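Shown below is the structure under consideration.
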Amino acid sequence: MKLLRHVVLAVALALPVGACSTVQQAWNVATSAEVPAQAVVVAANSFNALEVTATNYLRLPKCGKTPSVVCRSPTVSAKLYPLVRSGRKARDAALQFLDTHPGQLGDKGLYDALITSINVLQVVMDQYNVGGAQ
Amino acid sequence: MNTAIVTAVLGLIQQLLPKLFGDTALIQTIIATLQQLVPLIIKEVQDLTPVVKNIIDALTAEEVTPQQLADLKAMSDQIDAAFEDAAKQAQAEDEDDGA
């Protein structure tokens with residue numbers, strides 16, 4: 001645990017502080033149909049964070065089966081399955097575009113579809129306190 | 001609760017992303033905030049550590065390399081597999097109980 005903490009902190013603290021201007025330039029040259037590849041990567045990771053949180057929720061004991069107040073509702077679980085799977089398709093499509101267009105900007109339409117999936121999933125998870133149940 | 005805080009912060013960053021890329025100072029502020037979250041994430045929600053690290057890397061990267069993309073896809077595959085495994089068990093449990 002200590003080693004992991006040191007490794008991650010070292011990586012975080014070693015970030016180049018001047019690199020952001022390049023990212024800004026990437027965004028500035030994007031047209032209305034394009035987004036920086038970095039933005040797509042951030043969005044994909046944001047979706048992954050939600051998927052990890054949803055996974056941890058599904059691993060909780062089912063409500064009513066144990067005396068634990070921290071539990072998983074079957075109704076909420078059923079809402080998560082399709083939202084995560086459709087979001088996954090949007091994430092994969094956006095990343096696939098980057099993969100087949102190396103060194104180029106991301107596709108705005110695929111990016112927007114991923115953002116929409118993230119927003120819908122986030123709303124449901126907030127509504128049912130999915131992240132707070134863990 | 002801490003998981004909710006982390007995902008809420010990531011959601012906020014996502015919402016602000018188009019504006020972030022137009023403001024270098026704001027990006028630096030966001031990166032600093034994420035760096036402050038790292039100890040909390042490591043302690044409370046270790047599963048999210050690589051995700052947050054990837055976001056910090058992306059915000060500071062000059063470009064997305066093929067290796068970064070391959071690593072992200074590999075990590076995504078693992079996350080997908082874990083979700084499907086948890087979903088399979090949860091659905092089986094719910095079907096057994098008639099829920």
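Keep in mind it's a predicted model, so treat the numbers as computed, not measured. In what follows, chains carry the letters A, B, and so on, assigned in the order in which the sequence lines appear, proteins first and then strands, with residues in each chain numbered from 1.
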Report summary line: Assert top hit (heavy-atom pairs under 4.5 Å, partner chain B, pool A/L58, A/V40, A/N45) equals A/N45
Per-pair distances, 0.1 Å, donor-acceptor, side chain in residues 74-83 of chain A, under 3.5 Å, sequence neighbours excluded:
{"residue": "A/S77", "atom": "OG", "partner": "A/R72", "partner atom": "NH1", "Å": "3.1"}
{"residue": "A/S77", "atom": "OG", "partner": "A/S73", "partner atom": "O", "Å": "2.8"}

Query raised in the report: What part of B/Q91 lies closer than 4.5 angstrom to a heavy atom of chain A: side chain, backbone, both or neither?
Result: both
Query raised in the report: Of all of A/L95, A/D92, A/D126, A/I118, which one pairs up most often with chain B through heavy atoms under 4.5 Å apart?
Result: A/L95
**Report entry** A/A44 portion near chain B, given a 4.5 angstrom heavy-atom threshold
**Finding:** side chain
Query raised in the report: Any Lys/Arg nitrogen of A/R88 or B/E84 sitting under 4.0 Å from an Asp/Glu carboxylate oxygen of the other?
Result: yes
Report summary line: Minimal heavy-atom distance between A/V84 and A/F47, with the atoms involved, is O-CZ, 3.3 Å
Requested in this report: Please look at A/Q122 and chain B and tell me whether the side chain, the backbone, both or neither of the residue comes under 4.5 angstrom of a heavy atom of that chain.
Outcome: side chain
Query raised in the report: For B/L69, is it the side chain, the backbone, both or neither that has a heavy atom under 4.5 Å from a heavy atom of chain A?
Result: side chain
Report summary line: All heavy atoms of B/S76 vs all of A/N48, minimum pair found to be OG-ND2, 3.1 Å
**Report entry** For B/K73, all residues meeting side-chain hydrogen bond (donor to acceptor under 3.5 Å, both in side chains), sequence neighbours excluded
**Finding:** A/D99
